[in-house]
Structures are given as C-alpha cells and as structure tokens.
Amino acid sequence: MTTTSRRLGAGAALVFAALAITGCAPADAGDAAADLAAPEVGVQLFQLPWTAVAEECERTIGPAGFGWVLVSPAQEHILNDAWWAAYQPVSYRVESRLGTREEFADMTRRCAEVGVDVIADAVVNHMTGQDAPGVGWAGSPYERLEYPGIHTATDFHDCTLTPDGDISDYSSREQVQECELLNLADLDTASPVVRDRISDFLLDLLDLGAAGVRIDAAKHMAADDVAAIVETLPAGTWVISEVIRSAREPITPEEYTGFGEVFEFQYARDLFPQLQSGLLSDPALGGARPAHVDADAAVVFIDNHDTERGEADVTAVDGLVYVMANALMLADDFGTPIVLSGYAFTDRDAGALLQPDGRVLPQRCDAAAVEAALAGVETLPAGARTCVHAWPAMLGMVEWRRVAGDAVRLPGVDADSAYGFEREGRAVIAANPDDGATTLRVPTSLPDGRYCDVIATGQRIGAAGDCGDSIVVVEGGEAVFDLAPWQTMAIHQLSPAP
Ligand code: ARE
Ligand code: CA
C-alpha cells in the first residue's frame with residue numbers, strides 16, 4: 001500500500017475542534033486561521049505551461065489553501081496543435097510544449113514552497129497513435145511500434161481480437177487491456193522490460209519533484225500490471241488511476257484501489273440529474289454511496305478535460321450552475337475533490353494558445369482574467385483561461401471546507417426547490433437550483449449573528465472589508481438564506497460579517 005497520508009490532517013482538525021468548543025472561534029479570525037484543516041482540494045491546470053503553473057501556485061493556489069495541482073502530461077509528444085497531442089508520447093523525455101525538464105523541476109519546487117503538491121499526468125499505457133513515421137517535439141524519431149532506443153515491436157501488444165486491432169467492445173476485458181485505444185500503440189505492461197521502463201519514467205517525475213502521478217488510461221492496463229509498477233515507487237507516492245466507471249463493463253475502479261486512489265466518475269453523474277430536476281436531495285449527495293469507491297479512495301470532480309468536452313452536463317460555461325455543482329462537491333464530506341481550470345473553446349480538439357515557437361502561451365489568472373471569466377466563460381475568446389480556481393466562489397469554498405474540517409455532515413433540509421445542510425457547528429451551505437427566488441431556513445448551531453456569504457465574497461479569514469449585501473443571518477438556531485434563482489450561499493464559523 002503506497003497511498004498517501006496527505007489528506008486532512010487529523011491533528012489540525014482536533015486543535016480546531018478544541019477551539020470551537022471554547023466558543024471563541026469567530027472572535028479572532030487571524031489566530032483561528034492557523035487551525036484550519038490541512039489543504040486537501042486539488043486544481044487540474046489543464047494545458048498550462050510549467051512556468052505559469054509555478055506562478056499560479058505562488059499567486060493564487062498556495063495562498064488560497066489548495067493542496068495540490070494536477071498538470072497535463074510532461075512527456076515528449078507528437079507534433080500536432082490539438083491538446084490531445086500530449087496523450088501521444090514519443091519518448092519519456094520531460095520536454096514538451098508545456099516546458100522543459102528544468103522548468104518542470106522549478107515548478108514543483110516553487111509550488112512545494114507554498115504548500116502545493118504537483119501531481120504529474122503519466123501516459124504509460126501506450127505511445128503514439130500514428131501510422132506514419134514522425135519526429136516528436138524534442139526531436140526523437142519514431143515509427144509505428146518502433147521508438148529507437150526506447151521501445152521496439154516486442155514491447156507492444158499484438159491484438160488480433162478485432163479486425164484493426166483497436167478496442168471495439170468495452171465489455172471485453174481482454175480487448176480493453178490488450179487492444180489499441182484509439183489506435184494508440186499499446187504497451188505490453190506485463191513485460192518486465194516495459195514495466196522497468198515505465199517505472200524509471202515515474203521515478204524520474206518524482207525525482208523532478210512531483211508528489212505523485214495520475215495514471216492515464218489505467219483501465220487499459222491490468223490492475224496487476226499497474227500494481228507491479230507502483231510497487232517500485234517510494235512509499236507515500238500519491239497514485240490516482242483514471243478508470244472510467246461504467247455499469248456495462250467488467251473492469252471496475254475498485255480493482256485499482258489496492259495501490260492508490262481513483263477518479264470517481266459516478267460522483268458528478270449522480271449530481272447532474274438533481275441539478276437539472278431542481279430537486280437536490282440527500283441520497284446522491286450524502287450518506288452511504290454504494291455506487292462509488294470508498295471515500296478514502298475517491299478523487300471526485302464535476303468535470304475533467306475529457307468530460308468538459310464530452311459527457312459532463314455541467315461545465316464552466318454554465319456559470320451559476322457550475323458554481324453550485326462545485327460548491328456542493330466542496331461542501332460534501334466524501335472523497336478528495338478537484339476543480340478543473342482550463343480554457344475556453346468551441347472546437348473540442350482546439351489546443352491551448354501557442355507562442356510563435358510552438359510552446360504554449362503562459363497565461364496568468366490575474367484580476368482582469370478572472371473578471372472576464374466571471375462575465376461568462378462562453379463570451380471568452382477561444383483559448384482564454386477560465387481561471388475557475390481563482391473565482392471567488394471556489395476560493396470561498398476551499399476555505400469553507402477547511403473550516404468544516406472533519407465536522408459531521410448533518411442531514412439536509414429542503415423547501416420549495418432549495419436545499420441546504422450544515423457541517424456540524426462549523427459551516428452551512430444552501431443552494432437554489434430553480435428559476436424562482438426562495439428563502440431556506442437551515443437549522444444550525446452557529447451562534448446568532450450576521451455572516452458573510454463566501455460564495456459571493458470569496459475568502460473571509462483575515463479579510464478586512466465588509467461583504468455588502470452578501471449577508472446570511474443566523475437567528476434562533478436557523479440560518480436564513482434568501483436565495484435568488486440558481487444562487488448558492490455558504491457561511492462558516494469564521495465568516496461573521498464585520
Ligand atoms: C486522438 C484522436 C483519435 C485518434 C488518436 C490517435 O481523437 O481520433 O485515433 O488521437 O491518433 C485524448 C483524446 C483523444 C485522442 C487521444 C490521443 O481524448 O481524442 O485521440 O488523447 O491523442 C476511454 C478511456 C480513457 C480515455 C478516454 C478518452 O478509457 O482512458 O477514452 N481518457 C484518457 C485521457 C484522454 C486521452 C487518453 C486517455 C489517451 O483522459 O484525454 O485521450 O491517452 C466509455 C468508457 C471509457 C472510455 C469512454 C470514451 O465511457 O467507459 O473507458 O474512455 O467511453 O471512449
Ligand atoms: Ca493496454
């Protein structure tokens with residue numbers, strides 16, 4: 001078992017609980033900040049260059065209290081402007097459109113300095129999906145099943161189960177794991193030579209300062225193969241496997257939880273129908289989740305770079321609904337959440353904006369960029385960053401989650417369309433997935449008073465300014481939320497209005 005122990009620091013949570021019992025927590029927000037639960041929320045910085053990731057860590061992500069970033073693949077890739085070129089590795093050199101090896105190492109160091117781990121996306125199930133010979137970003141030549149000095153034909157599966165060797169039937173375990181995903185040359189991960197090569201690569205990423213890896217297309221490798229590779233990594237390495245759950249398929253995410261965590265795709269799928277029907281309720285959002293991997297193994301998200309371009313019913317272009325979905329996830333007590341921060345697009349294949357030399361343009365999520373995104377992601381020019389991680393709502397909810405710590409999630413209440421719940425004694429959230437305004441009263445043990453809504457105003461701890469009209473009143477054991485259509489509001493112990 002090499003899973004990490006990096007999640008919510010139990011010690012920090014206990015100190016916080018003691019503070020809360022004295023009843024003086026809201027009084028001195030400055031002191032209390034030290035007692036927040038450990039950073040736990042991640043950000044997927046899709047196709048952002050290493051230099052820009054480092055800056056974002058220092059300027060926004062670290063100070064906001066996020067714990068980790070997931071970056072796009074670092075390997076040398078095919079020459080093609082589409083974003084997905086990154087998922088067709090030509091070699092294991094850390095040299096790509098996103099940056100050099102030195103820049104990668106500098107990024108992990110700078111992020112670590114502000115308390116942010118970097119998780120590298122590792123493409124190890126396959127190499128390129130090209131039938132014609134070519135040359136990679138860093139100059140490495142390749143042809144079909146031949147990667148000089150790296151892999152030769154015997155390192156790959158030779159699938160004869162389908163006419164063209166591509167996966168055609170996901171109900172066949174053998175096809176999914178030994179045939180080609182989208183024509184991508186499928187490595188024989190049972191081979192010791194191949195395993196060693198992959199292991200060396202992952203160790204190199206760790207040497208360069210990555211705290212862990214996302215295993216791309218893990219479903220397409222037998223869990224035993226992935227386990228054998230993971231076993232060669234130092235204890236404590238964080239491993240997150242991408243195994244897209246499907247009730248119609250034999251390979252399950254559960255097979256991959258013995259050596260790490262998995263992305264739980266079912267989490268968002270369960271939430272979307274509730275948002276669309278305007279009827280949020282506990283069964284999908286709280287309590288036991290028989291349809292999900294165990295909370296300890298689950299990395300949860302509203303969308304990722306694939307589902308944003310595919311199955312996700314709610315994405316950044318949906319504004320308030322997207323805020324609601326992410327806020328409910330961040331308020332939840334299930335799994336390790338990650339927020340997606342990518343760029344605007346109309347064409348699914350469109351890559352990030354490039355500089356004349358072909359490198360990805362390092363964009364910054366400064367105040368102007370955030371403001372532009374808040375005005376509506378669908379109005380951004382293609383390629384402009386969505387900066388979701390820097391939206392006030394996300395910043396406010398990251399803090400909300402750290403204040404909530406390990407407090408119990410109490411059963412939700414609803415009235416009309418609105419729904420809300422408390423993390424016992426620490427924090428309350430309410431959402432109104434409907435076209436009409438409404439008022440929701442959520443029972444709470446927060447002291448009576450006026451609280452700032454952190455969804456509207458962002459982080460409150462240490463904030464000097466007032467929060468205008470974005471106020472929720474707690475009186476007589478109830479938090480009274482006046483909710484506009486599709487509004488989400490959230491308050492916590494350390495967000496009393498000044
Ligand atoms: C591109 C072209 C293809 C071409 C190929 C080779 O689009 O037409 O054949 O290149 O030249 C990404 C892009 C692909 C891209 C690929 C390689 O999404 O479009 O192909 O890079 O450049 C399955 C896998 C899952 C995978 C998804 C996309 O199980 O692992 O498909 N996700 C990861 C990454 C992707 C990436 C790859 C893997 C490849 O996150 O970004 O692809 O490295 C059901 C099943 C799922 C299945 C899903 C979609 O839900 O349950 O298992 O996901 O359908 O088919
Ligand atoms: Ca495979």
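Every value quoted in this text rests on a predicted model; they were computed, and no experiment measured them. Starting from 1, each residue takes its place in the sequence as its number.
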Going by heavy atoms in the side chains, are [X] and [Y] under 4.5 Å from each other?
X: Val474; Y: Pro447; answer: no
X: Cys467; Y: Arg460; answer: yes
X: Tyr256; Y: Ile240; answer: no
X: Trp68; Y: Glu40; answer: no
X: Val413; Y: Phe421; answer: no
X: Phe66; Y: Pro39; answer: no
X: Leu328; Y: Ile302; answer: no

Rounded to the nearest 0.5 Å, how far apart are [atom1] of [X] and [atom2] of [Y]?
X: Ser72; Y: Trp84; atom1: OG; atom2: CH2; answer: 15.0 Å
X: Ile461; Y: Trp400; atom1: CD1; atom2: CH2; answer: 13.0 Å
X: Asp366; Y: Glu56; atom1: CG; atom2: CD; answer: 8.5 Å
X: Gln88; Y: Leu184; atom1: CD; atom2: CG; answer: 5.5 Å
X: Leu320; Y: Ile455; atom1: CG; atom2: CD1; answer: 10.5 Å
X: Met221; Y: Asn125; atom1: CE; atom2: CG; answer: 5.0 Å

Subject >> Pairwise ring pair (Phe, Tyr, Trp, His ring centres under 6.0 Å) hits with a residue in residues 352-375, at least two apart >> reply: none
**OP:** Sequence neighbours left out, what pairs pass ring pair (Phe, Tyr, Trp, His ring centres under 6.0 Å) with at least one residue falling in residues 337-364?
**Re:** Phe46-Tyr343
Taking NZ, NE, NH1 and NH2 as the nitrogens, is one of them in [X] or [Y] under 4.0 Å from a carboxylate oxygen of the other?
X: Glu103; Y: Arg359; value: yes
X: Glu58; Y: Arg110; value: yes
X: Glu264; Y: Arg245; value: yes
X: Glu242; Y: Lys219; value: no
X: Arg409; Y: Asp332; value: yes

Original post:
Are a donor atom and an acceptor atom from the side chains of Trp486 and Asp435 found within less than 3.5 Å of each other?
Top reply: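 Trp486 vs Asp435: donor-acceptor pair found between side chains.
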Subject >> Side-chain H-bond candidate by donor/acceptor type, Asn432 with Thr438, under 3.5 Å >> reply: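 No, because no side-chain N or O of Asn432 sits under 3.5 Å from a partner of the opposite role on Thr438.
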Subject >> CA sep, side-chain torsions, deciding dist, call: Thr315, Glu308, side-chain hydrogen bond (donor to acceptor under 3.5 Å, both in side chains) >> reply: CA-CA 6 Å; Thr315 69; Glu308 182 185 34; 5.4 Å; no
Original post:
Can you list the steps and then say if His389 with Thr60 is a side chain to side chain contact (heavy atoms under 4.5 Å, CB included)?
Top reply: CA-CA 8 Å; His389 66 279; Thr60 58; 3.4 Å; yes
**OP:** Assess whether side chain to side chain contact (heavy atoms under 4.5 Å, CB included) is satisfied between Val454 and His492, documenting all intermediate values.
**Re:** CA-CA 8 Å; Val454 301; His492 58 72; 3.7 Å; yes
**OP:** Quick one: closest heavy-atom pair of Gly62 and Val116, and the distance?
**Re:**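 For Gly62 versus Val116, the nearest heavy atoms are CA-CG2, 3.6 Å.
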Subject >> Residues, nucleotides or ligands: over 12 heavy atoms within 6.0 Å of Arg59 CZ >> reply: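 Check passes, neighbour count above 12.
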**OP:** Could you tell me how the ring of Phe334 sits relative to the ring of His292: parallel (under 30°), tilted (30 to 60°) or perpendicular (over 60°)?
**Re:**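 Correct class here is tilted.
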Original post:
Using the ring of each side chain (for Trp, its six-membered ring), is His305 parallel, tilted or perpendicular to Tyr87, with breaks at 30° and 60°?
Top reply: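 Plane angle under 30°, so parallel.
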Original post:
Going by the side-chain hydrogen bond (donor to acceptor under 3.5 Å, both in side chains) test, which pairs reach into residues 468-483, not counting sequence neighbours?
Top reply: Thr439-Asp482, Arg441-Glu478
**OP:** Determine, step by step, whether Asp333 and Arg426 satisfy the salt bridge (charged side-chain N to carboxylate O under 4.0 Å, His left out) criterion, reporting the C-alpha distance in whole Å, the side-chain angles of both residues, the deciding distance to 0.1 Å, and the verdict.
**Re:** CA-CA 13 Å; Asp333 62 352; Arg426 309 240 183 104; over 6 Å; no
